[in-house]
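A short write-up of the structure that comes next.
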There are 2 protein chains.
Amino acid sequence: MSGLVPDVASGNSVYSGDHMDEQSWKIGDLAAATGLTVRALHHFDRIGLLVPMLRTPAGHRLYTDSDVRRLYRILALRQLGMPLAHIADSLDGDLQDFGSAVRAQLSHVERTIETHRHLRTRLTALLQATLRATEPSIDQLIQAMEALVQANDFTPKQLAQAKRRHLEPGFPDRFAGWRRQGTEIVAELQAHIDGGTDPADPAVQELTRRWTAVIRDMAAGEPAMMSSIYARIERKGPEVATRGVLTAQVWDYLQRAFAVGFGT
Amino acid sequence: MSGLVPDVASGNSVYSGDHMDEQSWKIGDLAAATGLTVRALHHFDRIGLLVPMLRTPAGHRLYTDSDVRRLYRILALRQLGMPLAHIADSLDGDLQDFGSAVRAQLSHVERTIETHRHLRTRLTALLQATLRATEPSIDQLIQAMEALVQANDFTPKQLAQAKRRHLEPGFPDRFAGWRRQGTEIVAELQAHIDGGTDPADPAVQELTRRWTAVIRDMAAGEPAMMSSIYARIERKGPEVATRGVLTAQVWDYLQRAFAVGFGT
DNA sequence: GTGCCGCCTGACGTCGCGTCAGGTGCAAGC
DNA sequence: GCTTGCACCTGACGCGACGTCAGGCGGCAC
């Protein structure tokens, strides 16, 4: 990018017509200098975003100094993820347009981040619920997915089963055990966050496995139930759904660690 | 969604041909029940994702029970943001395919989140640098954008000016003042984070304004310099770039607050 | 003259549909 | 039997930012 100067020495870029002294770039040189493709510059030309001021008699595009300056601005705005049409409006319009275009882009980016955060939650939950369970059958998969998609937290069947388990002898002790283990894991994760540990670190990955084991135990090994638990966390928020065990910060970190772990 | 049962009572959905007892849905009913459009179901048919098993003599599509079950699975996977082609592969293939498709989707989502976080940083930085400064000229805009795009932190000109300012009398005091104010603002933001305050809250918005004022003061009001500061934060990370004043968590919160503030 | 590289234009494909346009099926009211 | 109106059909274009041919021309080295 910083080497974007006219290639006068080689003579390649200078149109040796009437205006010997005017600097101009051929499309290939400009593409190489900016890292764009020739096709992209063709495209910019076609849509009127960057129409080169000169052509050779043979019809070859020649980009002048002012064209290159405009291209600079285009690339800067493109780096912000702005649509080319908005870039054209901004460059041809006034500052007012520019401000609103940037704001529109910002709110769009913000929405994208939010929706993808939810997607990530659902994806990690699904992997959690199925792929590490013993022999995940198609039916279990479907149930897990449906649990994720459903609007309410738990199905009547799940509630009935939960009630039965609730009445089993020793249940309160097991429940207290889950809380204790969860709190421990969260505390260790928080320590890693404060220490700046990478989520891919083996110690963190081990913590994710311990976390999964606790949840799986709570769900009695049923993927659909595990999905429901994660769906509940997503909808109610980590603090409410886990009654204070999990914080938003740790939950985000945990998911990043999951994502890394599954990626390998 | 939960009301997805064949509309037998009205008789609308039953093909009264040879198989009176077979339940089937017409495309409009199915669309209404699932919240999809008829066009989307046409599309699924066209690409082979969901081809209804029956047609009336007139060529109208009739979706059977098994078609509806398949549609359920399709929608569940679509909720995960998966491309339709991958959905088809997953449903027609084995569990292995499914697992890798989910993992691929997860890593894709993770990348999207990361890139959009960077975009958000650049956008807020640009708004910070230009739109609240006094009369942001086109040249200032361009400079601010270039500062954001450039690979190195500060331009030689900026470094020279910084050195001059460094030697001014009273500079160490002003510098200490910026640090103190920054630390205060960060502490208050952290309190809001812990308290679960919405980033749109007026108190938080006021803190963003105070933050901007400090940065603007540091940059001597020059948009390009402000951009460079934010670019530095993005590249080096908040902790390193601010030498411990700003944490990653507060930085994220601050940007969300910016996004909300500019959106209004 | 010939070969090669760079340039040109035009057109199709991507992804997930939305949105017409033009035609048919089917039930109800006249 | 005829019209009205709604649901359905197929086919085609559009979006966004280009990638990827296909077919042909320009210019330079040998």
Side-chain angles (χ1 to χ4, degrees), chain A residues 7 10-17 24-52 54-63 71 74-75 77-89 101 104-105 108 112 115, chain B residues 7 10-17 24-52 54-63 71 74-75 77-89 101 104-105 108 112 115:
Chain A
D7 191 8
S10 78
N12 284 340
S13 308
V14 177
Y15 164 44
S16 56
S24 51
W25 291 259
K26 286 198 304 184
I27 195 168
D29 296 339
L30 191 56
T34 57
L36 293 169
T37 62
V38 171
R39 180 64 181 90
L41 289 169
H42 278 175
H43 182 59
F44 293 174
D45 190 351
R46 177 75 54 97
I47 65 174
L49 178 59
L50 180 68
V51 181
L54 300 174
R55 294 266 188 156
T56 68
H60 292 195
R61 290 170 180 80
L62 289 178
Y63 293 85
L71 178 57
I74 290 168
L75 294 182
L77 292 176
R78 202 184 63 153
Q79 287 244 356
L80 302 175
M82 243 188 244
L84 297 184
H86 290 187
I87 294 178
D89 291 349
Q105 180 60 15
H108 174 244
T112 304
T115 60
Chain B
D7 191 8
S10 78
N12 284 340
S13 308
V14 176
Y15 165 44
S16 55
S24 54
W25 291 260
K26 288 197 304 183
I27 197 169
D29 296 340
L30 192 55
T34 56
L36 293 169
T37 62
V38 171
R39 179 65 182 91
L41 289 169
H42 279 174
H43 182 59
F44 293 174
D45 190 351
R46 178 75 55 99
I47 65 174
L49 178 59
L50 179 67
V51 180
L54 300 175
R55 293 266 187 156
T56 68
H60 292 197
R61 290 169 180 81
L62 288 178
Y63 293 86
L71 179 55
I74 290 168
L75 295 183
L77 291 175
R78 201 185 60 155
Q79 287 246 354
L80 302 175
M82 242 187 245
L84 297 185
H86 290 187
I87 294 177
D89 291 348
Q105 180 61 14
H108 174 246
T112 304
T115 60

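As the structure is a computational prediction, the values presented were derived from the model and not from experiment. Quick note on labels: first sequence line is chain A, next is B, and so on, each numbered from 1.
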- Item | Nearest-Å distance for atom pair CE/P, residues Met82(B) and dC15(C) | 16 Å
- Item | Inter-residue atom distance Thr34(A).OG1 - Leu75(A).CG, 0.5 Å rounding | 6.0 Å
- Tell me: NE2 of His42(B) to C1' of dG11(D), nearest whole Å? 12 Å
- Gap between atoms CD1 and P, on Ile87(B) and dC15(C) respectively (whole Å): 13 Å
- Query: Considering only side-chain heavy atoms of His43(B), which listed nucleotide, dC8(C), dT10(D), dG16(C), is closest?
  - Reply: dG16(C)
Return the polar atom pairs (N/O with N/O) between nucleotides 19-25 of chain C and the protein under 3.5 Å, or none.
| residue | atom | partner | partner atom | Å |
| --- | --- | --- | --- | --- |
| dT19(C) | O4 | Arg39(B) | NE | 2.8 |

- Scanning both residues in full, the closest heavy-atom pair of Leu50(B) with Pro52(B) reads O-CD, 3.5 Å
- Query: If you take all heavy atoms of Ile27(B) and His42(B), which pair is closest and at what distance?
  - Reply: CD1-CD2, 3.4 Å
- Task: Give the nucleotide from the list dG18(C), dC17(C), dG19(D) with an atom nearest to the side chain of Thr37(A).
- Result: dG19(D)
- When the distance from CG of Leu75(A) to C1' of dC18(D) is rounded to whole Å, what number comes out? 14 Å
- Query: So which one's nearest nucleotide on DNA chain C is more toward 5', Arg78(B) or Gly59(A)?
  - Reply: Gly59(A)
- Note on the structure: Between Leu77(A) and the options Gln105(A), His86(A), Met82(A), the side chain to side chain contact (heavy atoms under 4.5 Å, CB included) test singles out Met82(A)
- Leu30(B): which of Leu36(B), Leu41(B), Val38(B) passes side chain to side chain contact (heavy atoms under 4.5 Å, CB included): Leu41(B)
- Message: Within a 6.0 Å radius of atom NE2 on His108(A), are there more than 12 heavy atoms belonging to other residues, nucleotides or ligands?
- Response: no
- In whole angstroms, how far is the P atom of dT14(C) from the NE2 atom of His86(B)? 14 Å
- Message: Any base atoms under 4.0 Å from Ile47(A), or only sugar-phosphate, or nothing? Heavy atoms, all strands.
- Response: nothing
- Task: Take the protein atom CZ of Arg46(B) and the nucleotide atom C1' of dG18(C), then report the distance between them rounded to whole Å.
- Result: 14 Å
- In whole angstroms, how far is the C1' atom of dC8(D) from the CH2 atom of Trp25(B)? 19 Å
- Query: What is the distance from CZ of Phe44(A) to C1' of dA17(D), rounded to the nearest Å?
  - Reply: 8 Å
- Arg55(A) vs His60(A) side-chain heavy atoms within contact, under 4.5 Å: no
